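What follows is one structure encoded as C-alpha cells, with my remarks underneath.
Indexing begins at 1, ligand by ligand and atom by atom, following the structure's order. All residue numbers in this chain count up from 1 along the given sequence. Remember, it's a predicted structure, so these values are computed and weren't measured experimentally.
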Amino acid sequence: MAEPINVHYSASGKSFTAVAINTAAKAGEWIKSKLGAYTSLNQKASPGDLVTEIDKGSEKLIKNLIMTHFPEHSFLGEEGVEPGPLASAEALESVKGADYLWIVDPIDGTTNFVHGFPFFSVSIALAFKGEVIVGVVYDPSRDELFVAEKGKGAYLRGKPMHTSTEATLSESLLATGFPIDPVKALPLNMKGLQAVLPKVRNIRNGGSAALHLAYVAAGRMSGFWEINLNAWDLAAGSLLVQEAGGQITDTVGTPYHLGVRNVAATNGRIHDELLQVLKEAGAAEYEE
Ligand code: IPD
Ligand code: CA
Ligand code: CA
C-alpha cells in the first residue's frame with residue numbers, strides 16, 4: 001500500500017511549521033528593531049490605511065525565506081496586492097486553488113507600529129488545497145509566538161492553548177476593529193458596537209486582528225468580530241482559534257473559509273448569542 005502523504009513535511013524533510021515559526025520570529029525581531037525608525041509612510045486606499053517601507057521589507061524577508069525552502073509553493077502577501085477589497089478578492093481567487101499557499105500579513109497593526117503602540121504582529125499561514133494547516137502569529141513586543149497545526153492543537157511557549165469558558169455575553173470580554181471604509185463597513189461595525197457593548201463586560205480594539213484571534217485562542221478574550229478583513233488578517237488566527245477549541249465563522253454563521261471578510265471568532269459557547277445580537281441589530285451583513 002502506498003505511504004500516506006504527510007502534508008506537514010516537504011520532500012527535503014523540512015517541517016512547514018518550523019519554517020513558519022522561524023520566519024515569523026525573524027521578521028518580528030526585524031520589525032521590532034525598526035520601531036519608530038521607518039522613513040517612508042504612505043497612505044493606501046484611505047487616510048487610515050498606512051504602509052511603511054518596513055511592511056514591504058518584512059514581506060520581502062518572509063517571502064524570500066519561505067520560497068528558499070519551498071520554491072514550488074504559492075504565496076499571497078498583503079504588500080503584493082493592490083489596495084481595496086476588490087483587488088484582494090481577485091488576488092485570492094487567482095491563488096486559492098494552489099496545493100500549497102502561504103498567506104502572509106508582514107505587519108498586522110501598521111497604525112500601531114507607526115505610533116509606537118506595542119500591539120502588532122506578523123501573521124503567517126499555510127493552506128493546503130484551501131484549508132489552513134499551519135498558523136503562526138508572532139507578537140515581537142511581548143515575544144509571544146502563537147502556533148497551531150491542523151489536528152495537533154494550538155500552543156504558546158510550548159503549552160497548549162484553550163479558549164475561555166464564559167458561557168454568556170454578559171460575562172464576556174470581546175474585541176473588534178474599526179474598519180477604515182466609511183461608506184459600508186464602518187456603519188455596519190458601529191451598529192454592531194452599539195448593540196453588543198451594553199450586553200458584554202467590555203470591548204477592546206487593540207488594532208491587530210491577527211493578535212485578537214490569538215488572544216481568543218489563548219482564552220484572554222471571549223470573542224472577536226470585525227467587518228471587511230482580508231485573508232492575510234485571518235488565515236493564521238483562524239487555525240489558532242479552532243485548534244484551541246473555539247469557533248470561527250463569518251458574521252452570518254458560515255464556517256470559516258479563506259474568502260471570509262466579516263468574521264466572528266469566539267470560545268464557541270457565546271457564538272450563537274453574539275451572532276444573534278449582530279443579526280437583530282442589522283449588523284451581520286450589508287443591506288443590498
Ligand atoms: C489592520 C489591523 C486592524 C484592523 C484593520 C486591518 P493592517 O491590518 O488588523 O486591527 O482593524 O481592519 O486592516 O492594515 O495593520 O495590516
Ligand atoms: Ca492586517
Ligand atoms: Ca499589514
task: List the steps and the verdict of side chain to side chain donor-acceptor pair (under 3.5 Å) for Ser208 and Asp108.
output: CA-CA 5 Å; Ser208 166; Asp108 186 52; 2.7 Å; yes

task: Determine whether the side chain, the backbone, both or neither of Asp105 has a heavy atom under 4.0 Å from any heavy atom of ligand 1.
output: side chain

- request: Decide if the gap between the ring center of Phe16 and the ring center of Phe128 is smaller than 6.0 angstrom.
  value: no

query: Around atom CD of Glu82, are there more than 12 heavy atoms of other residues, nucleotides or ligands at under 6.0 Å?
result: no

task: Answer yes or no: does an N/O atom from Ile107 fall short of 3.5 Å to an N/O atom of ligand 1?
output: yes

message: Report the atom name of the nearest N/O/S atom of Asp233 relative to the Ca ion (ligand 2).
response: OD1

Heavy atom of the protein closest to atom 14 (O) of ligand 1 (residue, atom name, distance): Glu78 OE2, 4.0 Å

field: Where ligand 1 meets Ser208 - atom numbers and elements under 4.0 angstrom, heavy-atom basis
entry: 9 (O), 10 (O)

Leu229: numbered ligand 1 atoms lying under 4.0 Å from its heavy atoms: 12 (O)

Nearest non-hydrogen protein atom, atom 10 (O) of ligand 1: Gly207 C, 2.9 Å

task: Would you check whether Gly177 has a nitrogen or oxygen atom less than 3.5 angstrom from a nitrogen or oxygen atom of ligand 1?
output: no

message: Nearest N/O/S atom of Asp108 with respect to the Ca ion (ligand 2), by atom name, please.
response: OD1

message: Taking backbone and side chain together, does Glu78 place any N/O/S atom at a distance below 3.0 Å from the Ca ion (ligand 2)?
response: no

query: Which residue holds the protein heavy atom closest to atom 13 (O) of ligand 1, what is that atom called, and what is the gap in Å?
result: Asp233 OD1, 4.4 Å

field: Electrostatic pair Lys199:Glu280 at N-O distance under 4.0 angstrom
entry: no

query: Is the closest N or O pair between Ala209 and ligand 1 shorter than 3.5 Å?
result: yes

task: Please write down residue, atom name and distance for the protein heavy atom closest to atom 8 (O) of ligand 1.
output: Asp108 OD1, 3.0 Å

task: Any atoms of ligand 1 less than 4.0 Å from a non-hydrogen atom of Thr110? List them with their elements.
output: 15 (O)

query: Does CD in Glu171 sit with more than 12 non-hydrogen atoms of other residues, nucleotides or ligands closer than 6.0 Å?
result: yes

- prompt: How about Asp55 and Ser58: does a side-chain donor come under 3.5 Å of a side-chain acceptor?
  reply: no

- request: Would you give the length of the straight line joining atom OG1 of Thr52 to atom CD of Glu79, rounded to the nearest 0.5 angstrom?
  value: 8.0 Å

field: Proximity of Phe120 and His115 rings by center, below 6.0 Å
entry: no

- request: Specify side chain, backbone, both or neither for Thr111, according to which of its non-hydrogen atoms lie closer than 4.0 Å to ligand 1.
  value: neither

- line: Contacts of Leu65 meeting side-chain contact (heavy atoms from CB on, under 4.5 Å) (sequence neighbours excluded), chain-then-number -> Thr23, Lys26, Leu61

query: Quick check: does Ile107 have an N/O/S atom under 3.0 Å of the Ca ion (ligand 3)?
result: yes

message: Under 3.5 Å, is there a donor on one side chain and an acceptor on the other for Thr168 and Ser170?
response: yes

task: Identify the protein heavy atom lying closest to atom 12 (O) of ligand 1, giving its residue, its atom name and the separation to 0.1 Å.
output: Glu226 OE2, 2.8 Å

task: Output the atom name for the N/O/S atom of Asp105 with the smallest distance to the Ca ion (ligand 3).
output: OD1

message: Can you name the atoms of ligand 1, numbered from 1 with element, that are less than 4.0 Å from a heavy atom of Gly109?
response: 7 (P), 15 (O), 16 (O)

